There are 2 protein chains.
Amino acid sequence: MATTGDRSRSGTASALDSLDFSLDRSSPVPLYYQFAQQLEAAIERGALAPGDLLGNEIDLSVRLGLSRPTVRQAIQSLVDKGLLVRRRGVGTQVVHSRVRRPLELSSLYDDLETAGQSPTTRVLRNERVPAPADVASALGLAEGGEVTVLERLRFTHGQPVAFMCNYLPAALLQPDTARLESTGLYRLMRSAGITLHSARQTIGARAADAEEAALLDEKEGAALLTMQRTTYDDTGRAVEYARHVYRASRYSFDFQLLVRP
Amino acid sequence: MATTGDRSRSGTASALDSLDFSLDRSSPVPLYYQFAQQLEAAIERGALAPGDLLGNEIDLSVRLGLSRPTVRQAIQSLVDKGLLVRRRGVGTQVVHSRVRRPLELSSLYDDLETAGQSPTTRVLRNERVPAPADVASALGLAEGGEVTVLERLRFTHGQPVAFMCNYLPAALLQPDTARLESTGLYRLMRSAGITLHSARQTIGARAADAEEAALLDEKEGAALLTMQRTTYDDTGRAVEYARHVYRASRYSFDFQLLVRP
DNA sequence: GAGTGGTCTAGACCACCGT
DNA sequence: CGGTGGTCTAGACCACTCA
């Protein structure tokens with residue numbers, strides 16, 4: 001509404017001028033978020049080409065019927081995602097390259113599912129034991145404190161991909177074996193009200209020993225990717241300590257990084 | 001103003017109350033940034049303990065002589081770093097766990113130097129060649145376009161750690177071999193005015209072939225970590241394509257992740 | 001119901017970039 | 001020099017949490 005005379009405003013025309021944005025003020029979704037989503041969609045479907053300038057923030061806010069800080073908040077969120085770049089004195093531009101998601105605290109199950117790999121899981125072990133020293137230290141528990149230990153094999157297309165060993169403080173959650181076989185551990189934890197916050201992770205490699213080779217259908221000595229991870233919730237409690245091994249022939253870690261100056 | 005009677009304000013006392021913050025309005029450093037830095041320092045030296053509440057933003061802004069949005073901007077930057085957690089209706093808390101830096105677009109040289117490993121480099125190759133098909137595709141160049149190819153061995157304490165093969169568009173930079181031996185490639189690129197922005201990276205593993213084994217002082221068949229990376233500058237140009245292999249016995253990737261909901 | 005963070009407004013001045 | 005983003009202010013109302 002009220003967007004009639006859009007002749008020569010200031011500066012140069014922006015590719016944004018021809019786009020429609022619809023904001024619903026009665027929606028519980030924040031206005032800056034509505035705008036950010038529509039802007040992101042426009043970039044991803046190519047309506048805004050790489051290198052295009054957005055046009056200045058003042059005009060933009062007038063056109064959208066928003067205040068400039070609100071428009072800035074939306075733009076900033078896409079800058080943080082790596083989709084836009086701001087340059088003082090120049091303007092805000094769409095980044096050229098295809099930017100995928102930055103590395104997230106991801107679940108192997110979700111990753112595989114997203115990739116259309118139809119993952120399945122076999123639970124080999126699900127019991128409570130006293131924590132070994134290294135596990136107790138990683139989880140910040142007293143040595144011998146009770147932990148749930150999970151051992152799982154993950155398959156795609158019937159082929160083993162990973163052997164996963166996870167330790168959780170027993171007080172936190174007693175995962176149901178049937179559910180573990182039909183979904184990922186992180187989903188189970190989230191649905192138990194645990195808010196994952198951060199993780200410290202180490203990725204390395206080593207040769208498979210005989211037992212690992214048998215489980216993963218590899219030869220002894222084959223290269224394996226290893227991952228160790230301690231995950232914390234938003235109160236800073238350690239909620240998981242994991243040691244995973246992946247068949248290097250069938251799995252690799254793949255992610256996007258952004259520079260944070 | 002009109003902020004005289006500052007007795008029993010609202011809510012509970014905060015651990016922040018006993019801290020001094022000094023803001024310099026004549027400094028070119030933004031106020032929100034000054035406050036964020038001092039707050040971060042207070043957290044890191046333990047003056048604010050994990051779990052401590054910051055006290056509400058209104059009082060804080062009055063005490064600091066800043067507006068609430070400015071205070072929020074400072075707090076938000078620490079939330080983004082993972083040092084603080086906000087909870088609606090509760091307050092802003094210091095996170096319990098030790099949070100290290102999230103994964104950055106890092107330079108092996110800088111990583112090793114930070115770890116006190118006194119890295120050295122031997123440049124095995126530094127020349128311009130027509131781009132092979134896979135390299136041209138990764139860099140978005142025409143096949144046969146000229147690229148600089150670098151092959152380097154990286155040592156710590158006299159032991160080889162990594163064999164690194166990097167391709168750069170030849171027009172971008174002709175790296176000086178002597179400088180490459182005394183610093184990292186990323187520093188060279190930055191000092192040439194290239195602003196690194198993002199990278200797409202794949203980490204995997206495989207067994208060493210005879211040549212790699214000889215270079216890295218490993219046995220043939222030893223597990224190696226592999227990394228492929230394409231790096232982009234802030235205009236979206238691909239500025240580097242790298243294929244590195246690391247001795248798994250001497251190197252692993254280690255980083256902190258934050259959940260981005 | 002009191003207190004918190006989440007969102008939003010309508011201005012203002014400054015620092016930087018290009019011409 | 002004009003135009004851009006970067007910073008900052010002083011308010012406002014809402015949504016959520018917890019007692």
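Chain letters run A, B, ... following the sequence lines, proteins first and then strands; every chain starts at 1. For clarity, every value in this text was computed on a predicted model and none was experimentally measured.
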Begin with the C-alpha distance, continue with both residues' side-chain angles, and end with the deciding distance and a verdict on side-chain contact (heavy atoms from CB on, under 4.5 Å) for A:V239 and A:L168.
CA-CA 6 Å; A:V239 294; A:L168 321 174; over 6 Å; no

Show your reasoning for whether side-chain contact (heavy atoms from CB on, under 4.5 Å) applies to B:L39 and B:L48.
CA-CA 9 Å; B:L39 198 48; B:L48 285 173; 3.7 Å; yes

Between B:L84 and B:V94, does a side-chain contact (heavy atoms from CB on, under 4.5 Å) hold up when you go through it step by step?
CA-CA 5 Å; B:L84 298 176; B:V94 178; 4.0 Å; yes

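Rounded to an integer number of Å, the gap from B:L54 CG to C:dG3 C1' is 16 Å. The CG atom of A:L84 sits 15 Å away from the C1' atom of D:dT4 (whole-angstrom rounding). Protein atom CZ of B:R72 is 16 Å distant from nucleotide atom C1' of D:dT7, rounded to whole Å. Between the CG atom of B:L53 and the C1' atom of C:dT4 there is a distance of 10 Å, rounded to whole Å. Distance CG (A:L60) to P (D:dT4): 11 Å, rounded to an integer number of Å. Atoms CD (B:E57) and C1' (C:dG6) sit 9 Å apart, rounded to a whole Å. Atom CD in B:Q73 sits roughly 6 Å away from atom P in D:dT7 (whole-Å rounding). Rounded to whole angstrom, the span from the CG atom of B:D59 across to the P atom of C:dT4 amounts to 7 Å.
A side-chain hydrogen bond (donor to acceptor under 3.5 Å, both in side chains) check over residues 32-41 of chain A, counting only residues at least two apart or in different chains, returns the pairs A:E40-A:K81.
Distance check: A:I203 CD1 to B:M227 CE gives 11.5 Å after rounding to the nearest 0.5 Å. Here B:L66 contributes atom CG and B:L64 contributes atom CG; the two are 5.0 Å apart, rounded to the nearest 0.5 Å.
At least one side-chain nitrogen or oxygen of A:T92 sits closer than 4.0 Å to the OP1 or OP2 atom of D:dG5. Between A:S67 and C:dG11 there is no side-chain polar atom (N or O) within less than 4.0 angstrom of OP1 or OP2. OP1 or OP2 of C:dT4 sits under 4.0 Å from a side-chain N or O of B:N56. Applying the 4.0 Å criterion to OP1 and OP2 of C:dT7, one finds that A:T70 has every side-chain N and O outside that range.
A pairwise comparison of heavy atoms in A:H197 and B:G82 identifies CE1-O, 3.8 Å as the closest pair.
Other residues, nucleotides and ligands place no more than 12 heavy atoms under 6.0 Å from the CZ atom of B:R179.
Centroid-to-centroid, the aromatic rings of B:F35 and B:F21 come within less than 6.0 Å.
Checked against C:dG5, C:dC8, C:dA12, the side chain of A:R68 finds its nearest nucleotide in C:dA12. Comparing D:dT9, D:dG6, C:dG6 by their nearest atom to the side chain of B:R86 picks out C:dG6.
Residues from residues 24-36 of chain A lying near DNA chain C, meaning a heavy-atom separation below 4.0 Å, are A:R25, A:P30, A:L31, A:Y32 in numerical order.
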What string of B, S and - do you get for nucleotides 14-19 of chain D 5' to 3' if you count protein non-hydrogen atoms under 4.0 Å?
-BBB--

